[in-house]
Amino acid sequence: QVRLVESGGDLVQPGGSLRLSCLVSRSLVSARTMKWFRQVPGKQREWVATITASSTTTYADSVKGRFTISRDNAKNMVYLQMNSLKPEDTAVYYCNTMPSYWGQGTQVTISS
């Protein structure tokens with residue numbers, strides 16, 4: 001069974017940057033489509049970004065131009081570089097891959 005472990009969440013001021021990491025175990029990240037989602041309490045989980053096995057990336061409109069998804073095949077890691085952070089980016093961020101593997105999430109809080 002695939003295991004995903006996120007890390008890197010923190011409290012950051014508006015305009016700041018963070019890089020989230022997702023360690024993938026028991027599967028090769030290079031062969032998988034990997035996604036990041038986020039969720040605010042009381043709201044549905046929201047898709048943020050995708051990277052396919054062929055390295056095609058797509059982004060939600062709300063983060064386009066500010067966030068970058070990438071992976072390191074040697075380390076079996078997926079990353080989400082987040083720049084120009086806004087208070088509305090505050091959420092728990094989750095790593096995901098098919099069919100329905102999720103990590104435990106990492107908290108990102110954007111506040112002054």
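Only heavy atoms go into these numbers, but all of them, side chains included; no hydrogens, no water, no symmetry mates.
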*Asks:* How far does OG1 of Thr56 sit from CD1 of Ile51, to the nearest 0.5 angstrom?
*Replies:* 8.5 Å
*Asks:* In the structure I gave you, are the side-chain heavy atoms of Ser70 and Gln81 within less than 4.5 Å of one another anywhere?
*Replies:* no
*Asks:* Which heavy atom of Tyr59 sits nearest a heavy atom of Ala49, and at what distance?
*Replies:* CD2-CB, 3.6 Å
*Asks:* For Leu23, does its backbone N or O pair with a side-chain atom of Asn76 as donor and acceptor, under 3.5 Å?
*Replies:* no
*Asks:* Testing the basics here: between Ser17 and Ser84, what is the closest heavy-atom pair and its distance to 0.1 Å?
*Replies:* OG-N, 4.4 Å
*Asks:* Decide yes or no for Tyr94 and Leu20: does some side-chain heavy atom of the first lie under 4.5 Å from some side-chain heavy atom of the second?
*Replies:* no
*Asks:* Tell me whether Gln44 at atom CD has more than 12 heavy atoms from other residues, nucleotides or ligands lying less than 6.0 Å away.
*Replies:* no
*Asks:* How long is the span from the OG1 atom in Thr106 to the CZ atom in Arg38, to the nearest 0.5 Å?
*Replies:* 14.0 Å
*Asks:* What closest approach, in Å, do Ser112 and Pro14 show between heavy atoms, and which atom pair accounts for it?
*Replies:* N-CD, 3.7 Å
*Asks:* Hey, is Asp89 close enough to Lys86 for a salt bridge, meaning N to O under 4.0 Å?
*Replies:* no
*Asks:* Check the pair Thr58, Trp47 against side chain to side chain contact (heavy atoms under 4.5 Å, CB included), reporting the backbone distance first and the verdict last.
*Replies:* CA-CA 10 Å; Thr58 51; Trp47 168 73; 3.5 Å; yes
*Asks:* Keeping Gln39 on the side-chain end and Val92 on the backbone end, is there a donor-acceptor pair under 3.5 Å?
*Replies:* no
*Asks:* On the six-membered ring of Tyr79, is Arg19 placed so that its NZ or CZ lies under 6.0 angstrom from the centre and within 45° of the ring axis?
*Replies:* yes
*Asks:* Taking the side chain as C-beta and beyond, is there a heavy-atom pair between Thr97 and Val2 under 4.5 Å?
*Replies:* yes
*Asks:* Got a donor-acceptor contact below 3.5 angstrom from the Asp72 side chain to the Ala74 backbone?
*Replies:* yes
*Asks:* Go through it in stages, so that I can follow the logic: the residues are Arg71 and Ser30, the test is side chain to side chain donor-acceptor pair (under 3.5 Å), and I'd like the CA-CA distance, side-chain angles, deciding distance and then a yes or no.
*Replies:* CA-CA 8 Å; Arg71 66 166 179 253; Ser30 59; over 6 Å; no
*Asks:* Does NZ or CZ of Arg3 lie under 6.0 Å from the centre of the six-membered ring of Tyr101, at an angle within 45° of the ring axis?
*Replies:* no
*Asks:* Return yes if some donor-acceptor pair links the side-chain N/O of Gln107 with the main-chain N/O of Gly9 below 3.5 Å, else return no.
*Replies:* no
*Asks:* Drop me the distance from Ser27's OG to Gln1's CD, to the nearest 0.5 angstrom.
*Replies:* 11.5 Å
*Asks:* As a test of understanding, state which of Leu18, Leu11, Leu85 forms a side-chain contact (heavy atoms from CB on, under 4.5 Å) with Thr109.
*Replies:* Leu11
*Asks:* How far apart are the C-alpha atoms of Thr50 and Thr33, what are their side-chain angles, what is the distance that settles it, and do they pass the side chain to side chain contact (heavy atoms under 4.5 Å, CB included) test?
*Replies:* CA-CA 7 Å; Thr50 298; Thr33 290; 3.5 Å; yes
*Asks:* In Å, rounded to the nearest 0.5 Å, how long is the span from CG of Asn83 to CZ of Phe67?
*Replies:* 8.5 Å
*Asks:* Could you grab the distance from atom NZ of Lys35 to atom CG of Leu80, nearest 0.5 Å is fine?
*Replies:* 14.5 Å
*Asks:* Please test Met34 against Val24 for side chain to side chain contact (heavy atoms under 4.5 Å, CB included), starting from the C-alpha separation and ending with a verdict.
*Replies:* CA-CA 10 Å; Met34 302 296 301; Val24 181; 3.8 Å; yes
*Asks:* Return yes if some donor-acceptor pair links the side-chain N/O of Gln104 with the main-chain N/O of Glu6 below 3.5 Å, else return no.
*Replies:* yes
*Asks:* Let me confirm one number: the CG-CE distance from Leu4 to Met77, rounded to the nearest 0.5 Å.
*Replies:* 11.5 Å
*Asks:* Does Met82 reach the side chain of Val108, with side-chain heavy atoms less than 4.5 Å apart?
*Replies:* yes
*Asks:* Give a yes or no on whether the ring-centroid distance for Trp102 and Phe37 is below 6.0 angstrom.
*Replies:* yes
